[in-house]
Amino acid sequence: QVQLVESGGGLVQTGGSLRLSCAASGRSFSSYAMGWFRRAPGKEREFVAAVSGGGRTTSYRNSVKGRFTISRDNAKNTVYLQMDRLKPEDTAVYYCAADYGGIKTSEMYDYWGRGTQVTVSS
C-alpha cells in the first residue's frame, strides 16, 4: 500500500507561482512512476505531468509545457510540481498518483491522493 498526501495548494494571482508537494508512505518509492492530474470545476480529470521512478524521464500536457516542472526526491519520498506563470485556467484540484510501473499519461495509476486546491485569480 502507498498513501499519498498532497500539499502546497492555495490562492495565487495570474502570473504567480506555487509548488505542490506529494509525500508518499511505504517502501520502494523509487519503483513508482509518479503523476500529477487535475480536475477543474465541471470538467473531467486530466493529466498534467509525470516522472519516472528514477526521475530521468518526464512528460507534460502541452498547455503546461515550459511553465510547470515535475521533479522528485526519492530520499524524501516526495514528488513536486513547480507551477510558474499560472493562469486562471490552471484553477483545479490537483491530484498526485503513483504507479508501480512505467511513466504514463492515462489515469491507470495504482494509488491516488485526495487532492489540493489551486485557485488562480485574474
Side-chain angles (χ1 to χ4, degrees):
Q1 281 283 3
V2 174
Q3 292 186 327
L4 304 172
V5 179
E6 302 96 336
S7 61
L11 173 65
V12 64
Q13 292 186 333
T14 296
S17 297
L18 282 175
R19 188 175 82 154
L20 305 184
S21 299
C22 174
S25 67
R27 300 179 178 179
S28 303
F29 178 68
S30 62
S31 297
Y32 290 84
M34 300 296 295
W36 285 98
F37 290 76
R38 67 187 181 188
R39 178 181 282 139
K43 295 187 177 181
E44 297 291 319
R45 187 162 58 185
E46 63 184 17
F47 168 77
V48 176
V51 62
S52 61
R56 294 182 178 181
T57 303
T58 58
S59 179
Y60 298 90
R61 73 178 298 105
N62 286 338
S63 62
V64 307
K65 284 181 180 178
R67 300 189 299 120
F68 290 11
T69 303
I70 189 170
S71 62
R72 64 191 297 160
D73 185 338
N74 287 342
K76 296 182 178 179
N77 281 17
T78 302
V79 63
Y80 305 97
L81 185 67
Q82 176 67 42
M83 305 186 295
D84 298 318
R85 303 199 306 278
L86 282 160
K87 304 176 181 180
E89 52 264 43
D90 295 318
T91 294
V93 177
Y94 283 71
Y95 299 89
C96 173
D99 187 74
Y100 192 74
I103 190 171
K104 57 174 62 74
T105 62
S106 72
E107 292 194 27
M108 299 300 289
Y109 280 73
D110 298 321
Y111 304 100
W112 291 83
R114 293 188 175 185
T116 184
Q117 176 71 47
V118 171
T119 302
V120 184
S121 63
S122 57

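Note that these values count all heavy atoms, side chains included, but never hydrogens, waters or copies made by symmetry.
- A donor-acceptor contact shorter than 3.5 Å links the side chain of Glu6 to the backbone of Cys96.
- With values rounded to the nearest 0.5 angstrom, Arg85 atom CZ is found 10.5 Å from Asp90 atom CG.
- Side-chain atoms of Thr14 and Pro88, non-hydrogen and from C-beta on, do get closer than 4.5 Å to each other.
- Nearest heavy atom pair, residue Val93 against residue Gly115, reads CG1-CA, 3.9 Å.
- Of all the heavy atoms in Pro41 and Thr91, the pair that sits closest is CD-O, 4.1 Å.
- Distance check, rounded to the nearest 0.5 Å: OG of Ser63 to NZ of Lys87 gives 7.5 Å.
- The pair Glu46-Arg38 meets the salt-bridge criterion, since a charged nitrogen lies less than 4.0 angstrom from a carboxylate oxygen.
- The shortest heavy-atom contact between Thr105 and Ser59 is CG2-OG, 3.6 Å.
- For the atom pair Glu107 CD and Asp99 CG, the distance stands at 12.5 Å (nearest 0.5 Å).
- Side-chain atoms of Asn74 never come within 3.5 Å of backbone atoms of Gly54 as a donor-acceptor pair (strictly under, hydrogens ignored).
- Residue Leu4 belongs to a hydrophobic cluster whose other members are Val2, Val12, Leu18, Leu20, Phe29, Tyr32, Met34, Trp36, Val48, Val51, Tyr60, Val64, Phe68, Ile70, Val79, Leu81, Met83, Leu86, Tyr94, Tyr100, Tyr111, Val118, Val120, with links defined by side-chain heavy atoms closer than 4.5 Å.
- In this structure Gln3 satisfies the side-chain hydrogen bond (donor to acceptor under 3.5 Å, both in side chains) test with no other residue, sequence neighbours excluded.
- Atom NZ in Lys65 sits 9.5 Å away from atom OG1 in Thr58 (nearest 0.5 Å).
- Gly101 and Ala33 make their closest contact through O-CB, 3.4 Å (heavy atoms, listed as atom of the first residue, atom of the second, distance).
- With rounding to the nearest 0.5 angstrom, the CG atom of Asp73 is 5.0 Å from the OH atom of Tyr80.
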